[in-house]
Amino acid sequence: MKQRVLSLLSSSIEREIVLEKPRDRSFGHFATPIAFAMAKELKKNPMIIAQELVEMFSKEEMFANVEAVKGYLNFKLSEDFLDEYATWALEHPDDFGKGESSSNILLEFVSANPTGPLHIGHARGAVYGDTLLRLGRHVGHNITAEYYVNDAGNQIALLGTSLILEGKANILNEKVEYPENYYRGEYLTKLAQIAADTYGNDVFNDEEKIKEVALWAKDEVIKMIISDLDAINVNFDTFVSEAGLYDDWDRVMDKLSASGGTEIIDGKTWLKSSLKGDEKDRVIVREDGRPTYLAGDIIYHNQKFERDYDTCINIWGADHHGYMARVKASLEFLGHDSSKLDIQLTQMVSLLKDGQPFKMSKRAGTVVGMNDVVEEIGSDALRFMFASKKSDTALEFDLVDLQKTDSSNPIFYINYAHARIHTILNKSEMKMGTIMASNVKGLGEDADNLLFEAMLLNEVVEDAFNSRQVQKLTDYLKSLASTYHKFYYDHKVIGTQNEAKMLKLFLVVALSIKTGLSLLGITAKESM
RNA sequence: GCGCCCGUGGCUCAACUGGAUAGAGUAACGGACUUCGAAUCCGUUGGUUACAGGUUCGAAUCCUGUCGGGCGCACCA
């Protein structure tokens, strides 16, 4: 909708136009402060400029009314235009809210180490990333969802050792000395049992097999992670293995040093990231020749950029923010445009249950598993909760609040609006053909407002994706549901003269809610 | 100490990225069912946008400083 208005305005005004949706509907459907900007250049009173613009546009069929108020230019859309758009939406439900962007984007998210199940912080990144993915695709972009698997380095060996210890302790019932660093948790108990079933109990005493067991365990953990993610409707297109990247190491190193990006001091290779905005240089190869974690990231990001995307989006936990400068520095040295790397951070999550800190009771300690939360409140509530908060602010929420079945629980409230529409459609004797053949004109201001709001989905989705702020969509859906509930309360539908018209209006609302929820990875309910 | 993020009604969050009177939900209180789902709706109370300056037609938003909070500051991933 907004696109159409904008393109009409752009054909007459040669400058960037900010078109906004006024808070107060009496100012129209759309408004622009363009006259203020023009006033500076033309050295004329903005009120006068606005008045001139009114005359330019008031004859357009798209508008019922164009007004100049205090320098703002306010547009009210015509009912013909609104009805035409509504009909189009209902006839093309799969295209509703879609955009025409077409960038190639790589979206990397979650990328949790394959050493244990996902915790609640990962879940936030997963939901945020997957929601961005859905929004971006709806807007028209071509996006690849990728998971970077850190399967090289110490932590895999540590996983192997931890599994062996677990087996010794719980299956062989031996006394074991635990080292300072090792993994623990219920998942290891399960894994040890499977390992015993697969390889036999001897495996826990066979030093030779430690490496093999570690790799096996890593694969098992990845399977667990994938199935955990699947439980909240998060899926990936590609998995990139860190271990597999090192074939490319020599080539990338050559490129780095050729551009003066490296330096060897005390037998270690340093990335001279301080030359590119980082606070200091970073070791990428240790004295003994083993690469550091950063090395893998450098090869990986180089590979990403050589795959030639328009934009690479990374979603990282906020505790990694110190990494941004060094990764970008390496990209610069490798001759890439680091501004194409868009790093979004997700902040910490803390959970309450009925006002008390929610922690896992098991021996694994303090970290809350994603599974545990999904079990408590379900995927829909979890996804909605995370999507509805700005990702870069710390978040605390109470599980009990998300189990409520009233308007205090937004996902419930929105589903209820959708379900009410289906109830009323089922109750009505109207045939779909009759409903579609009617028009939504002449229903009054409440109906016009509801219809207009329902048809704003595309604008909201584009805005949410471009600003990387997915909570704009959840806010929109809450507001739309509220407007609908109000309308429903105030207006009787069945048996009235305007039954078909109103049902057509409701169909648009339902379409918008259903589409919006699906972009959040949630299936709209048709009955509660 | 240095760097990044943040500070908006009692609480959880918005505010179209510099625009019109800072909005929702929750909590508290008071109303609306012989009516398509009251699982809903309506109303009242609650704000010097942490504080002090600055930039301009215009600031919660941008700049500077102060205070307060979170996260980093590995040859771990």
Side-chain angles (χ1 to χ4, degrees), chain A residues 2 18-24 27 31-33 36-37 39-40 45-46 69-72 74 111-113 115 150-156 158 181 242 266-270 278-280 282-288 290-294 296-297 317-325 345 347-348 350 385 388-390 392-398 401 404-410 412-413 415-417 419-428 456 459-460 463-464 466-467 469 471-472 474-476 478-479 481-482 484-496 499 502 527-528:
Chain A
K2 193 172 175 179
V18 177
L19 195 62
E20 50 193 38
K21 188 181 143 248
R23 264 189 275 276
D24 187 342
F27 290 135
T32 176
F36 293 103
K40 240 176 223 175
N45 187 328
V69 181
K70 293 199 286 189
Y72 285 84
N74 298 338
S111 299
N113 291 342
T115 54
N150 291 124
D151 53 3
N154 291 338
Q155 78 274 11
I156 299 301
L158 205 56
N181 285 316
E242 182 190 2
D266 301 335
K268 303 163 200 163
T269 307
W270 296 72
D278 196 7
E279 40 185 72
K280 54 182 172 185
R282 311 289 173 176
V283 173
I284 46 181
V285 184
R286 302 175 179 90
E287 231 171 325
D288 61 9
R290 283 157 49 235
T292 64
Y293 174 75
L294 181 59
D297 250 344
D319 53 346
H320 282 62
H321 74 249
Y323 252 74
M324 294 170 67
L345 301 176
Q347 286 285 352
M348 306 292 130
S350 50
M385 163 58 64
S388 63
K389 311 294 176 191
K390 256 201 286 197
D392 66 347
T393 53
L395 164 67
E396 175 182 276
F397 70 91
D398 197 315
D401 291 341
K404 291 182 179 161
T405 54
D406 59 41
S407 62
S408 70
N409 185 358
F412 178 84
Y413 184 75
N415 266 319
Y416 183 41
R420 270 182 148 178
I421 292 174
H422 280 271
T423 305
I424 204 165
L425 281 168
N426 290 337
K427 232 162 215 172
S428 168
L456 277 175
E459 285 72 17
V460 174
D463 184 22
N466 291 336
S467 63
Q469 301 193 358
Q471 83 278 1
K472 287 172 190 283
T474 56
D475 284 350
Y476 166 73
K478 279 190 267 189
S479 166
S482 170
Y484 173 75
H485 281 307
K486 262 171 224 176
F487 186 90
Y488 179 93
Y489 185 84
D490 289 336
H491 302 273
K492 192 166 163 66
V493 176
I494 291 177
T496 66
E499 183 170 339
M502 283 199 258
S527 67
M528 303 304 287

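Keep in mind the model is a prediction, meaning the values are calculated, not measured. Chain A is the first sequence line, chain B the second, and so forth, proteins listed ahead of strands; every chain is numbered from 1.
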Want to settle it: does A:A419 or A:Q347 sit nearer the 5' end of RNA chain B, counting the closest nucleotide to each?
A:Q347

Starting at the 5' end of RNA chain B, which residue's closest nucleotide do you reach first, A:Y323 or A:A31?
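Nearest nucleotide further toward 5': that of A:A31.
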
Using the [atom1] atom as the reference point in each nucleotide, state the distance between [N] and [M] in Å, no decimals.
N: B:G25; M: B:G18; atom1: C1'; answer: 27 Å
N: B:G19; M: B:C63; atom1: P; answer: 15 Å
N: B:U55; M: B:G65; atom1: C1'; answer: 15 Å
N: B:A59; M: B:U48; atom1: C1'; answer: 14 Å
N: B:A24; M: B:G47; atom1: P; answer: 16 Å
N: B:A74; M: B:U12; atom1: P; answer: 32 Å
N: B:U49; M: B:U8; atom1: P; answer: 12 Å
N: B:C71; M: B:A52; atom1: P; answer: 29 Å

Return yes if some donor-acceptor pair links the side-chain N/O of [X] with the main-chain N/O of [Y] below 3.5 Å, else return no.
X: A:T269; Y: A:V285; answer: no
X: A:S482; Y: A:K478; answer: no
X: A:H485; Y: A:Y416; answer: no
X: A:E242; Y: A:G153; answer: no
X: A:S479; Y: A:D475; answer: no
X: A:T496; Y: A:V493; answer: yes
X: A:N74; Y: A:A31; answer: no

Does A:D463 form a side-chain contact (heavy atoms from CB on, under 4.5 Å) with A:Q469? I'd like the steps, not just the answer.
CA-CA 8 Å; A:D463 184 22; A:Q469 301 193 358; over 6 Å; no

Hey, what do you get for [atom1] ([X]) to [atom2] ([Y]), rounding to the nearest 0.5 Å?
X: A:I156; Y: A:N113; atom1: CD1; atom2: CG; result: 7.5 Å
X: A:I424; Y: A:E499; atom1: CD1; atom2: CD; result: 8.0 Å
X: A:R290; Y: A:N154; atom1: CZ; atom2: CG; result: 6.0 Å

Residues in ring-ring contact (aromatic ring centres under 6.0 Å, His included) with A:F487, at least two apart?
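Once residues adjacent in sequence are excluded, the partners of A:F487 under the ring-ring contact (aromatic ring centres under 6.0 Å, His included) criterion are A:H491, A:F506.
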
Got a sec, which residues hit ring-ring contact (aromatic ring centres under 6.0 Å, His included) with A:Y323, two or more places apart in sequence or on another chain?
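If we apply the ring-ring contact (aromatic ring centres under 6.0 Å, His included) test to A:Y323, skipping adjacent residues, the hits are A:Y293.
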
Just how far, in rounded Å, is [atom2] of [N] from [atom1] of [X]?
X: A:F412; N: B:G25; atom1: CZ; atom2: P; answer: 16 Å
X: A:E242; N: B:A77; atom1: CD; atom2: C1'; answer: 8 Å
X: A:I424; N: B:U35; atom1: CD1; atom2: C1'; answer: 12 Å
X: A:Y484; N: B:A24; atom1: OH; atom2: C1'; answer: 21 Å
X: A:R282; N: B:G72; atom1: CZ; atom2: P; answer: 15 Å
X: A:D278; N: B:C73; atom1: CG; atom2: C1'; answer: 10 Å
X: A:R290; N: B:A74; atom1: CZ; atom2: P; answer: 18 Å

Kindly label the base of B:U17 as syn or anti, based on whether its glycosidic torsion lies within 90° of 0.
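Syn.
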
Per the O4'-C1'-N9-C4 / O4'-C1'-N1-C2 angle with a 90° window around 0, B:C33 comes out syn

Among B:C71, B:U40, B:C36, which nucleotide has an atom closest to any side-chain atom of A:Y416?
B:U40

Have a look at [X] and say if it touches a base, only the backbone sugar-phosphate, or nothing, with a 4.0 Å heavy-atom cut-off.
X: A:K427; answer: sugar-phosphate
X: A:H491; answer: base
X: A:D297; answer: nothing

Taking the side chain as every heavy atom from C-beta outward, state whether A:T292 and A:R282 have any atom pair closer than 4.5 Å.
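Answer no - side chains too far apart.
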
Taking the side chain as C-beta and beyond, is there a heavy-atom pair between A:M348 and A:D319 under 4.5 Å?
yes

Would you tabulate the pairs of protein nitrogen or oxygen atoms and nucleotide nitrogen or oxygen atoms of nucleotides 2-4 of chain B closer than 3.5 angstrom?
unit_1 : atom_1 : unit_2 : atom_2 : d
B:G3   : N2     : A:H321 : NE2    : 2.4

For A:Y488, is the NZ or CZ atom of A:R420 found under 6.0 angstrom from the centre of its six-membered ring and inside 45 degrees of the ring axis?
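Yes; both conditions hold, so A:R420 lies above the ring face of A:Y488.
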
Using a 4.0 Å heavy-atom cut-off to protein, can you give one letter per nucleotide of nucleotides 11-19 of chain B, 5' to 3': B if the base is in contact, S if only the sugar-phosphate is, - if neither?
-SSSSBB-B

In which stems does RNA chain B show up, taking only runs of three or more Watson-Crick or G-U wobble pairs whose two distances fall under 3.5 Å?
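So far as stems of 3 or more pairs are concerned, RNA chain B shows B:1-7 with B:67-73, B:10-13 with B:23-26, B:28-32 with B:40-44, B:50-54 with B:62-66.
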
Distances under 3.5 Å between protein N/O atoms and the N/O atoms of nucleotides 41-45 of chain B, please, pair by pair.
unit_1 : atom_1 : unit_2 : atom_2 : d
B:C41  : OP1    : A:Y413 : OH     : 2.3
B:C42  : OP1    : A:K486 : NZ     : 3.3

Whether the side chain of A:N74 and the base of B:A20 hold a donor-acceptor pair under 3.5 Å is what I'd like checked.
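Answer is yes: a donor-acceptor pair is held.
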
